[in-house]
S.K.: 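Sharing a structure, written as structure tokens. Questions coming.
We're numbering straight along the sequence, starting at 1. Keep in mind the model is a prediction, meaning the values are calculated, not measured.
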Amino acid sequence: MNVLTNLNPAQREAAQAPSGPLLILAGPGSGKTRVIAHRVAYLTCECGISPYNVMAVTFTNKAAREMKERLYQLVGDRLQQLTIGTFHALCAQILRKEIGHLGQDPHFVIYDEGDQIAVVRKVLKELNLEEKQYPPRALKDAIEAAKSELLAPGEYFPTTYWQEIVLRVYRRYQELLWNNKALDFDDLLFYVVRLFREHAEVLRKYQNRYAHILVDEFQDTNAVQYELVSLLGGVHRNVCVVGDPDQSIYAFRRADIRNILNFERDYPEAKIVLLEQNYRSTQTILDVAHAVITPNRQRKEKRLWTENPPGLPVTIFEVYNEQEEAQYVVNEIGGLVAVEQYQLRNFAVMYRTNAQSRALEDAFVRAGLPYRLVGATRFYERREVKDVMAYLRLVHDPYDDVSLGRIINVPGRGVGQRTMAELERWAGERRLPIYTALQLMAIGRAQGPPIQQEGAEATESDAAGREAPPFSPRARGPLLEFLTLLDQLRSMHDRPFVVDILDQVLDRTGYAHYVQDGTEEGRERWENIQELRSVAKQYDERNPGLGLPGFLEEVALVSDVDNYQEKAEAVTLLTLHSAKGLEFPVVFIVGMEEGLLPHSRSLDNGEENPAELEEERRLCYVGITRAMHRLYLVYCFRRTIFGQSISREPSRFLADVPRHLVQKPLGVFANGARGWGTPSGPRSLQPATSAVAASGFKVGDRVRHGMFGEGVVVEVKAVRDDVEVTVAFAGLGLKRLSLAYAPLEKAQ
């Protein structure tokens, strides 16, 4: 089998490039995943490189699965020897084997965002700091920012009082995670870099193993990920990175676009290949995308082209407000489904902020159209799922204080809030895990040195804390019963099938009975638990014998996009950030307004922030290039923000779209140098006396509106191909209504 068959010339050049650094600049829809797969196949099948010596890094589990599926078709069973996965998953694998060098137990658990917030709250309580003054989420973000710059607590030097608070919280936060045998997502990368820097023999081991490293979505790497790639590729320098500066949209996650822009500086001998042929979109959509992204300076020029048909012009449409915006989207989808035989899964509605989904959801519910939200409450964030997962994590690691605190009284077993607070206080003062405190309570008085976790430093309070927690027999009873239950559950740790452990947890803890309370909510919660059981069963079938540790790791590393089901028969509603890596025949981008896209945060005190404005433009570019056949760009004349209806200006990005690429140019902007003109200029309303006359409404008419009741017309004017009527309603004041949408009729 020729592994270069069916590749276009640029793809073939990238796949068979010689050893050494390789930069592949791949536009959206240009087949970059295919190129990576074929390059791996070329290296292993044609060049004699052992699959054992190849690592391919992706950013999502979904991308990793797609990569494995493609490679299986190309290399067959040799796929098992390849290392393929996300940065976090691959680092977790390395730490499972090597974290002992840092003094930590390899059976660590991985904390998600909710767990991190819980730990920060615990630290604030210990330090007597108010959450209102020092928001836990802001502190968590500051800690993540420090880790992304490879700053441990001892290397974090505050220059402001806020940073001083961050340091105090950061220091204790890391102590608690270490004592709980837990790592957060940033720790997975942070500790691997620390491991490689401090233990040269470990670094050499992995440098020798991974002679070829391929990294997808390189524009989304942060400083830690870049350092990891540099360390691993430091000997052989066979580093192949694939990405697109025009799609760098995760600066808020500390991604650094300079990593891909400066690759040639760091690897001056690098070969560069451009993938410009697009297989996804029409040429019209590609031309619109190019026009929008061209003003950016932080980019490398490429011009996407396709052999697909030119396609339809894009639609730019103004509506009156967010309700009409949502109704317009619903109407268009209904029409395309009825007339052109599209299916609901062919549509995506994209927006800049999650708050914009509310009006859309309302309209879809009223119309009876199925929809699904990407990035809404994740399955693994549901209360009952988190409860069961907390039990499973305690089976794996009883020192996990976050999980223990979550379920010690769920279902209720007589452990009140006051008892729990006192237990946490007593254990915290002695730097002991809660599980250890319960053990001390059970034996009454520890013999010999205090029970201490591996890797934790002894303190004076430890030495003085050999006595059992001071609880009355009434309070001690439920705590000891829970300890007995936990030890019984712990005995199942080594069972080979996760589904068996899960079933036993549900039975022995009474959680199955607790959830099935006969209510509709109870039925839904039990269905979610059954879905979790299905996940466990599928995991057991895919990974026979790996057991609970692997399952907990896999679940911890799941992202929103990983849960996306392409074949679900429903319209997809999602943010532009969530749209990365997806594609749809028909795309609506709503809220194309100044202050939304680009977001108001790209303006500092009224002044433009060039770097953030460029990222907003890239975000718009990503949204546009998700579309295959049809693209709608929609904006409101007015939008309700913070309870007030405010006039809006069309997004400046619309001004870059050439007129000849737009269906029915509306002429809504003043004439300017760039096609549509500059949206910040005066709006040009074209007179249309005939349209006003044809409407049948005139000043002084009494009218009736289905929602607002009766009123009197005070103004009638033409707005593009519509007529706008201003009506004074009794008790409501003036309302400006579009006759294209408003249910307005003359009163009898």
Side-chain angles (χ1 to χ4, degrees), residues 19-22 43 49-58 81-108 110 143-144 146-157 170-171 174-175 177-178 181-215 218 221-241 254 256 258-259 262-263 265-270 453-457 549 553:
S19 297
L22 174 63
L43 290 171
I49 306 296
S50 170
Y52 182 76
N53 298 125
V54 178
M55 171 190 282
V57 186
T58 66
Q81 301 179 58
L82 292 165
T83 299
I84 303 172
T86 65
F87 271 106
H88 291 91
L90 296 176
C91 285
Q93 290 177 22
I94 292 172
L95 291 176
R96 294 289 181 204
K97 299 176 182 177
E98 312 290 352
I99 200 170
H101 291 280
L102 301 178
Q104 181 56 283
D105 191 316
H107 299 102
F108 56 82
I110 301 172
I143 292 170
E144 289 178 348
K147 291 180 182 180
S148 74
E149 296 297 327
L150 290 169
L151 297 175
E155 300 162 322
Y156 185 91
F157 300 109
Y170 185 12
R171 186 185 295 117
Q174 286 301 104
E175 288 178 0
L177 261 64
W178 195 263
K181 293 198 292 188
L183 276 63
D184 62 27
F185 291 116
D186 294 282
D187 284 335
L188 295 173
L189 281 63
F190 182 89
Y191 282 127
V192 171
V193 171
R194 178 180 158 189
L195 179 72
F196 286 167
R197 286 178 171 178
E198 295 179 4
H199 298 273
E201 73 284 2
V202 177
L203 174 59
R204 282 195 299 272
K205 171 183 172 181
Y206 286 94
Q207 285 177 330
N208 290 333
R209 174 171 179 181
Y210 296 119
H212 285 267
I213 302 168
L214 301 93
V215 185
F218 195 67
T221 54
N222 60 22
V224 183
Q225 291 159 339
Y226 191 83
E227 179 70 5
L228 276 171
V229 173
S230 299
L231 287 169
L232 285 171
V235 173
H236 299 286
R237 294 180 72 81
N238 294 322
V239 177
C240 169
V241 301
R254 286 164 284 280
D256 192 341
R258 293 173 298 181
N259 289 348
N262 296 337
F263 185 82
R265 180 200 65 189
D266 298 335
Y267 297 88
E269 74 274 33
Q453 278 198 249
E454 183 180 354
E457 296 181 1
E553 183 174 305

S.K.: Using the side-chain hydrogen bond (donor to acceptor under 3.5 Å, both in side chains) criterion, which residues pair with Y267? Sequence neighbours excluded.
M.R.: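 Expected list: none.
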S.K.: Identify, with sequence neighbours excluded, every residue that meets side chain to side chain contact (heavy atoms under 4.5 Å, CB included) alongside I99.
M.R.: L95, L102, Q104, P106, F108, L183
S.K.: Under the side chain to side chain contact (heavy atoms under 4.5 Å, CB included) rule, collect the residues that match up with N262, sequence neighbours excluded.
M.R.: R258, R265
S.K.: If the condition is side-chain hydrogen bond (donor to acceptor under 3.5 Å, both in side chains), which residues does Y52 pass it with, not counting sequence neighbours?
M.R.: none
S.K.: Check the pair N259 / T221 against side chain to side chain donor-acceptor pair (under 3.5 Å), numbers first and verdict last.
M.R.: CA-CA 7 Å; N259 289 348; T221 54; 3.0 Å; yes
S.K.: Tell me, please, which residues at least two apart from D186 pass salt bridge (charged side-chain N to carboxylate O under 4.0 Å, His left out).
M.R.: none
S.K.: If you look only at distance, which donor and acceptor atoms sit under 3.5 Å apart when one is on a side chain in residues 85-94 and the other is two or more places apart or in another chain?
M.R.:
unit_1	atom_1	unit_2	atom_2	d
T86	OG1	A89	N	3.0

S.K.: So, using side-chain hydrogen bond (donor to acceptor under 3.5 Å, both in side chains) as the criterion, who are the partners of E553 when residues are at least two apart?
M.R.: R96
S.K.: Only counting residues at least two apart or in another chain, list the ones meeting side-chain hydrogen bond (donor to acceptor under 3.5 Å, both in side chains) with Y156.
M.R.: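 Partners of Y156 under the side-chain hydrogen bond (donor to acceptor under 3.5 Å, both in side chains) test: none.
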S.K.: Considering residues at least two apart in sequence or located in another chain, which fulfil the side chain to side chain contact (heavy atoms under 4.5 Å, CB included) criterion with H107?
M.R.: D105, H396
S.K.: For K97, which residues count as a salt bridge (charged side-chain N to carboxylate O under 4.0 Å, His left out) partner, sequence neighbours excluded?
M.R.: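 Result, salt bridge (charged side-chain N to carboxylate O under 4.0 Å, His left out) vs K97: none returned.
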S.K.: Residues in salt bridge (charged side-chain N to carboxylate O under 4.0 Å, His left out) with R204, at least two apart?
M.R.: none
S.K.: Once you round to the nearest 0.5 Å, how far does CZ of F190 lie from CG of L150?
M.R.: 6.5 Å
S.K.: I need the minimum non-hydrogen distance between H236 and Y210, along with the two atoms involved.
M.R.: CD2-O, 4.4 Å
S.K.: Mind jotting down which residue pairs meet the salt bridge (Lys or Arg N to Asp or Glu O under 4.0 Å) criterion with at least one end in residues 223-239? Sequence neighbours excluded, please.
M.R.: R197-E227, R237-E269
S.K.: Between R254 and E149 (salt bridge meaning N to carboxylate O under 4.0 Å), is one present in this structure?
M.R.: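 So R254 does not pair with E149 through a salt bridge.
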S.K.: Over all heavy atoms of both residues, which pair between G20 and N238 is shortest? Give the atoms and the distance, please.
M.R.: N-OD1, 2.8 Å
